[in-house]
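Proteins come first, then strands; the chains are lettered A, B, ... in the order of their sequence lines, and each starts at number 1. As a basis for the values below, the full set of heavy atoms in this structure was taken, side chains included, without hydrogen atoms, waters or symmetry mates.
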Amino acid sequence: MESRYKSFRYVESLSEFIDQQVTLRGWVYNITGKGKLQFIMLRDGTGIVQCVVFKNNVGEEIFQQTKELTQESSVSITGKVVSSEKAPGGIEIDVTNLEVIHIAKEYPITPKEHGDAFLIEHRHLWLRSSRQNAIMRVRAAVMKAIRDFFDGNGFKLLDSPILTPNACEGTSTLFETKYFDLGSAYLSQSGQLYAEASALALGKVYTFGPAFRAEKSKTRKHLTEFWMVEPEMAFFDLNDDMDLAEDLVEYIVQFTLKTCKKELEVLERDIRPLEKVKRPFYRMSYTEAVEWLVSNKIPLVQKIDGKDVESEFPWGEDFGAVQEEAIMEQFDKPLIIHRYPTDIKAFYMKRDPDNPKVVLAMDMLGPEKAGEIIGGSQREDNFDLLLDRILNENLPEEEFKWYLDLRKYGSVPHSGFGLGVERVVKWITGAAHIRETIPFPRMIYRITP
RNA sequence: UCCCAAGUAGCUCAGCUGGUUAGAGCAUCUGACUGUUAAUCAGAGGGUCGGGGGUUCAAGUCCCUCCUUGGGAGCCA
């Protein structure tokens, strides 16, 4: 008890203090009473423990204070740690002293059920609930797994700028803002172009930060602000890229399984499908995927004059949610689809030397309806071909001058990919909506809290 | 942007083919209880039924319109 912050213990470490006197600090998760007994479920962020306050043990004054506690009031509790079969978790505190730090006013989130809109409006408080607590802990584990994986494999973390002068891929809608006398700047939707420059400087790098998409998405797998990790490697071809993607995802899932057992239990996540997530994953070319769709009669559905028109899935069309879900139904592990048609993919992707109609791109789809968790490619490293595609897509050549420089001075084959952190957290936790996988989600109609 | 759905107490909802004073559970307040797990029991307070307009003797309920929110599609991680 040598310093202020070591003068109390955390719930997660209580099993080390059986039959000893400890002080805990936290919040009242729930309180029930029965005459001369009060049961406080105390949460401190690391866990929840039942604290039993018996009038005859603490005296009239403290017992009266205990009865006045409300949900989420903050308290300091001292008592003996005892194992008890009646207590949830098997451990409880026999309270000898209780100090009220703050009495909470009527707390809006009750132990009863609430609607989605209400909870998300109270996100700042919702984070205190045990389910959200568990998801945030898994998120932290996923973040750590990502950093550990790259740091341990010779990668250097090089941050990309968030304010950028142009659209990276030229397609997505971007958030625009004024930038002094230089006109408009845009919030980055990807750090990739800068990661490429970094990779040609440091070899293997990763950039890890928020990405912004101004698309008016209204689905349970989209956020306008989300976290993306983007490794970029000099001298890696598409196969190396896919191998690395598999290694990373396997590492994240297995690390989380190992370190978040309790959290996954709280979330009632069936971990058997996750245990299967070990290399090798499945792979399929775009062309093979189209053949599968055709032979399994999964059509392309298009709206023509307001009517849904079905047709045999044509080579060259991009997959929608229907196609991806149908394909994934057969797989119990992630699947990588590679070599997509050039026309539906970004300008910086390298064309397949064996077939210029496709590019050396790859997407990883997760099982259990996880959807697309990774998108990547080998990059076009030929100056003329890249310039060609920039001009074809009507991108401002001037803004890409520095990017073309990378193909002018010691150009090398290189590859990379982006992994969406929240999509992975959603998959691993089984969260119903992606907004539960980030502390403060930014969505089309919601920027508060 | 398109398609669908929902707005009734602090929260979650019920409210039939329009009909007297709009209901329940939880939360809050008062009281009882030494083992509660969303405690239980008794009692109390709490509502411009999303806004506006219309039909009608009569609208939470039917019609129009606007607003808000949710889900799906597209875009993508």
Taking OP1 and OP2 of [N], is either one under 4.0 Å from a side-chain nitrogen or oxygen of [X]?
{"X": "A:Arg435", "N": "B:G71", "result": "yes"}
{"X": "A:Lys216", "N": "B:U1", "result": "yes"}
{"X": "A:Lys34", "N": "B:G35", "result": "yes"}
{"X": "A:Arg220", "N": "B:G71", "result": "no"}

Do we count A:Phe39 as stacking onto B:G35 if the rule is ring centres under 5.5 Å and planes under 30°?
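Taking the rule of under 5.5 Å and under 30°, the ring of A:Phe39 does not stack on B:G35.
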When the distance from [atom1] of [X] to [atom2] of [N] is rounded to whole Å, what number comes out?
{"X": "A:Glu215", "N": "B:G72", "atom1": "CD", "atom2": "P", "value": "16 Å"}
{"X": "A:Arg446", "N": "B:U69", "atom1": "CZ", "atom2": "P", "value": "7 Å"}
{"X": "A:Tyr340", "N": "B:A77", "atom1": "OH", "atom2": "P", "value": "10 Å"}
{"X": "A:Glu325", "N": "B:G72", "atom1": "CD", "atom2": "P", "value": "10 Å"}
{"X": "A:Lys105", "N": "B:C11", "atom1": "NZ", "atom2": "P", "value": "19 Å"}
{"X": "A:Ile434", "N": "B:C76", "atom1": "CD1", "atom2": "C1'", "value": "11 Å"}
{"X": "A:Ile48", "N": "B:U36", "atom1": "CD1", "atom2": "P", "value": "19 Å"}

What nucleic acid atoms does [X] come within less than 4.0 Å of, heavy atoms only: base, sugar-phosphate, or nothing?
{"X": "A:Lys218", "value": "base"}
{"X": "A:Ala211", "value": "nothing"}
{"X": "A:Gly371", "value": "nothing"}
{"X": "A:Pro88", "value": "base"}
{"X": "A:Ile374", "value": "sugar-phosphate"}
{"X": "A:His122", "value": "nothing"}
{"X": "A:Asn30", "value": "sugar-phosphate"}

Write down the partner of [N] under the Watson-Crick or G-U wobble criteria, each distance required to be under 3.5 Å.
{"N": "B:G23", "answer": "B:C13"}
{"N": "B:A44", "answer": "B:U28"}
{"N": "B:G70", "answer": "B:C4"}
{"N": "B:C75", "answer": "none"}
{"N": "B:A58", "answer": "none"}

Step by step, work out the side-chain hydrogen bond (donor to acceptor under 3.5 Å, both in side chains) result for A:Tyr194 and A:Thr164.
CA-CA 10 Å; A:Tyr194 300 95; A:Thr164 61; 5.2 Å; no
With respect to the side chain of [X], which nucleotide from [options] is positioned closest?
{"X": "A:Val52", "options": "B:C75, B:A38, B:G35", "result": "B:G35"}
{"X": "A:Phe118", "options": "B:U12, B:G35, B:C75", "result": "B:U12"}
{"X": "A:Glu372", "options": "B:G35, B:C76, B:C75", "result": "B:C76"}
{"X": "A:Tyr445", "options": "B:U69, B:G74, B:A77", "result": "B:U69"}

So which atom in A:Glu393 and which in A:Lys345 form the shortest heavy-atom distance, rounded to 0.1 Å?
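Heavy-atom minimum between the residues: OE2-O, 4.3 Å.
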Taking ring pair (Phe, Tyr, Trp, His ring centres under 6.0 Å) as the definition, give me every residue that meets it alongside A:Tyr282, ordered by chain and number, with sequence neighbours left out.
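In terms of ring pair (Phe, Tyr, Trp, His ring centres under 6.0 Å), with neighbours along the sequence ignored, A:Tyr282 is linked to A:Phe331.
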Suppose we screen for ring pair (Phe, Tyr, Trp, His ring centres under 6.0 Å). Which residues come up paired with A:Phe175, at least two apart in sequence or across chains?
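A:Phe175 satisfies ring pair (Phe, Tyr, Trp, His ring centres under 6.0 Å) with no other residue.
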Are A:Ile162 and A:Leu187 side-chain neighbours, meaning at least one heavy-atom pair lies under 4.5 Å?
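The answer is yes; the side chains approach within 4.5 Å.
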Between the side-chain atoms of A:Glu92 and the base atoms of B:G35, is any donor-acceptor pair under 3.5 Å?
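By the distance-only test, yes, there is a pair.
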Could one point to a donor on the side chain of A:Gln50 or the base of B:U36 with an acceptor on the other under 3.5 Å away?
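Donor-acceptor pair under 3.5 Å: yes.
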Under the criterion side-chain hydrogen bond (donor to acceptor under 3.5 Å, both in side chains), I'd like the reasoning laid out for A:Ser190 against A:Glu230: C-alpha separation, chi angles, the key distance, then a yes or no.
CA-CA 8 Å; A:Ser190 162; A:Glu230 294 172 282; 2.7 Å; yes
Quick check on RNA chain B: between A:Ala117 and A:Gly33, whose nearest nucleotide comes earlier from the 5' end?
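Per heavy-atom nearest nucleotide, the more 5' residue is A:Gly33.
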5'-most by nearest nucleotide on RNA chain B - A:Leu223 or A:Ile444:
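The residue closer to the strand's 5' end, by nearest nucleotide, is A:Ile444.
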Aromatic ring proximity, centroids under 6.0 angstrom, A:Phe319 and A:Tyr286
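So the answer is yes for these two rings.
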Could you write nucleotides 23-28 of chain B as a row of B, S and -, 5' to 3', where a protein heavy atom under 4.0 Å of any base atom gives B, of only sugar-phosphate atoms gives S, and otherwise -?
--SSSS
For atom C1', what is the distance between B:U30 and B:U20, given to the nearest Å?
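Result for the C1' pair: 33 Å, nearest Å.
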Among A:Tyr206, A:Phe208, A:Tyr251, find the residue that satisfies the ring pair (Phe, Tyr, Trp, His ring centres under 6.0 Å) test when tested with A:Phe149.
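Result: among A:Tyr206, A:Phe208, A:Tyr251, A:Tyr251 is the only option passing the ring pair (Phe, Tyr, Trp, His ring centres under 6.0 Å) with A:Phe149.
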Do we see a donor-acceptor contact under 3.5 Å between the side chains of A:Thr23 and A:Arg25?
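Not at all, the side chains of A:Thr23 and A:Arg25 share no donor-acceptor pair under 3.5 Å.
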Flag, side chain of A:Arg423 to backbone of A:Ala370, donor-acceptor distance under 3.5 Å:
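No, because the side chain of A:Arg423 does not come within donor-acceptor range (under 3.5 Å) of the backbone of A:Ala370.
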